[in-house]
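Let me begin by presenting the structure, written as structure tokens, before commenting on it.
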There are 2 protein chains.
Amino acid sequence: MQGLHGRVLDALGPAIAGGAHPAGSVLRIEELEERFACSRTVIREAVRVLESMNLVSSRRRVGLTVRPREEWNLYDPLVIRWRLAGADRAHQLRSLSELRSAVEPVAAGYAARRATAEQCGELVGLAIKLAATARARDLRAFLEHDIAFHRLVLHASGNEMFGRFHDVVGEVLTGRTEHHLMPAEPHPTAVRLHADVAQAIQCGDAERAEAAMREIVVQAMAEMTPVFDDA
Amino acid sequence: MQGLHGRVLDALGPAIAGGAHPAGSVLRIEELEERFACSRTVIREAVRVLESMNLVSSRRRVGLTVRPREEWNLYDPLVIRWRLAGADRAHQLRSLSELRSAVEPVAAGYAARRATAEQCGELVGLAIKLAATARARDLRAFLEHDIAFHRLVLHASGNEMFGRFHDVVGEVLTGRTEHHLMPAEPHPTAVRLHADVAQAIQCGDAERAEAAMREIVVQAMAEMTPVFDDA
DNA sequence: TGCGACCAAAAAGTCATACTTAATCGATGC
DNA sequence: GCATCGATTAAGTATGACTTTTTGGTCGCA
């Protein structure tokens with residue numbers, strides 16, 4: 001995200017999502033021009049985006065009113081990111097983790113029914129890499145393969161809505177690392193469960209894929225409970 | 001959505017989402033000015049929105065390149081609506097229904113753990129209304145209560161991500177009616193299942209709530225299979 | 001022939017100004 | 001207290017000028 005447009009959006013979006021402008025508060029284009037030291041064009045274009053996310057609503061003679069969070073497009077990748085960057089981070093991580101516990105098991109089930117042979121091979125390969133990087137305590141690489149694994153399962157589900165959920169998963173998995181919630185060595189159970197998922201998908205065993213994935217997600221949530229309790 | 005901005009968005013969004021401009025095709029601001037007979041300002045502002053949805057990417061000396069569907073913000077309520085309005089409707093209904101089968105049971109489970117007494121009362125009330133309107137074969141009112149029921153369950157989950165999923169549910173439930181897939185009288189089983197969900201939530205029985213909701217969604221999917229097979 | 005450097009031109013990005021429009025708010029009248 | 005009217009506010013739109021980034025073609029060299 002570059003240019004002045006991107007700069008304004010990357011400042012104003014998080015400010016709103018982070019609560020600096022509570023619901024009901026009113027901003028005016030003129031004051032934003034001054035704040036960001038740019039032209040009305042740039043502000044208007046950024047505001048159009050925020051409006052389409054339902055973060056604000058624009059009205060003549062009033063200005064831009066910040067909408068309540070319940071109205072925001074909470075699935076917008078930018079909104080997710082902005083919220084994760086703010087004081088609401090723990091709360092958002094919890095919400096996303098719960099959502100994940102709904103989506104990923106079912107996606108794994110569909111993957112077991114629909115994955116191509118190539119995807120199966122790749123999943124097994126990633127599961128092996130996960131085991132290797134866990135053993136080597138290479139957390140960076142582990143995260144990388146973990147994200148890739150989940151992304152591939154979602155994609156292999158053959159449902160583009162599941163596929164597009166990878167943004168959420170990536171953010172949650174990354175968030176774990178940033179909160180130092182990754183144990184020095186990932187649980188052997190977690191590693192095994194990933195292999196289980198890969199194998200179940202390869203065998204076309206939807207129920208097993210679903211169950212194993214559910215365990216992965218439930219375990220990940222348990223590991224994050226300390227953060228949630230801050231919320 | 002009013003004004004020229006809204007008009008352009010409401011024409012260009014569906015055109016892209018509906019495949020009139022395939023991935024890789026390039027539009028230019030100048031030609032859009034001519035097509036929509038408005039100023040560059042309006043086009044640029046609309047384009048900013050489409051860009052933030054990842055429908056297009058803008059580049060100097062190239063123009064606006066339509067992105068592949070895998071990159072679109074598929075969870076954006078407008079994108080969902082545009083796709084449902086296009087030739088992809090059946091496919092999108094299927095994808096959304098599968099997603100629904102993931103999300104709603106788990107949301108019902110959380111609702112069983114978190115719903116307020118007031119919400120429980122309201123759910124039971126809606127289940128009663130569903131039964132009455134089904135018996136009276138008042139499909140319009142049935143749909144209305146059905147949507148309200150699901151919306152409330154999602155809200156009662158106490159997770160704003162589930163709560164915000166109500167757009168998806170509303171579109172899918174409404175889509176059934178538009179495809180004349182609503183039977184003359186809703187299945188007594190469906191009606192009973194809704195009551196089961198309401199009761200389970202009231203009793204704090206998460207497993208039962210989840211199981212009953214899963215059955216509702218699975219049954220709804222089965223009823224839509226004829227449409228899916230067109231996809 | 002292939003590669004790198006250079007430059008003109010294309011198309012978006014930004015700015016400024018003017019005009020239009022919708023809607024809010026205050027005053028007035030009943 | 002409510003309805004109407006009109007002025008004013010702040011967003012919506014248009015236009016033209018200028019800036020910036022980047023693409024694509026040309027040229028030179030090995």
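In this structure, A/Glu160 pairs ionically with B/Arg83, as a charged nitrogen and a carboxylate oxygen lie closer than 4.0 Å.
You'll find the ring centres of A/His150 and A/His145 outside the 6.0 Å limit.
With no hydrogens or angles considered, a side-chain donor-acceptor pair links B/Glu98 and A/Asn159 at under 3.5 Å.
Side-chain atoms of B/Arg60 come within donor-acceptor range of the base of D/dT20, with a qualifying N/O pair under 3.5 Å. The base of D/dT8 lies close enough to the side chain of A/Arg61 for a donor and an acceptor atom to sit less than 3.5 Å apart.
Distance A/Arg28 CZ to C/dT24 P: 15 Å, rounded to the nearest Å. D/dG12 atom P lies 8 Å from atom CD of B/Glu45, rounded to whole Å. Atoms CD (B/Glu33) and P (D/dA14) sit 9 Å apart, rounded to a whole Å. Rounding to whole angstrom units, CG of residue A/Leu4 and P of D/dT21 are separated by 10 Å. To the nearest angstrom, C1' of D/dT21 lies 17 Å from NE2 of A/His5. In this entry the distance linking CD1 of B/Ile29 with C1' of D/dT21 reads 14 Å, nearest Å. Between the CD1 atom of B/Ile43 and the C1' atom of D/dG12 there is a distance of 14 Å, rounded to whole Å. The distance between atom CG of A/Leu32 and atom C1' of D/dA11, rounded to the nearest whole Å, is 13 Å.
For the residue pair A/Leu32 and A/Ile43, the shortest heavy atom distance occurs at O-CD1, 3.6 Å.
Taking the six-membered ring where tryptophan is involved, the planes of A/His194 and A/Phe142 are perpendicular, since the angle between them exceeds 60° and thus also 30°.
Note on A/Ser58: a side-chain N or O is less than 4.0 Å away from OP1 or OP2 of D/dG12. In this structure, A/Arg48 reaches the D/dT13 phosphate: one of its side-chain N or O atoms is under 4.0 Å from OP1 or OP2. Contact between the side-chain N/O atoms of B/Arg59 and the OP1/OP2 oxygens of D/dT23 is found at a separation under 4.0 Å. For C/dC15, neither phosphate oxygen OP1 nor OP2 lies less than 4.0 angstrom from any side-chain nitrogen or oxygen of A/Arg40. The shortest distance between the side-chain N/O atoms of B/Ser39 and the OP1/OP2 oxygens of D/dA14 is below 4.0 Å.
Where B/Glu51 and B/Thr41 meet DNA chain C, the nucleotide closest to each residue was compared, and B/Glu51 sits on the side nearer the 5' end.
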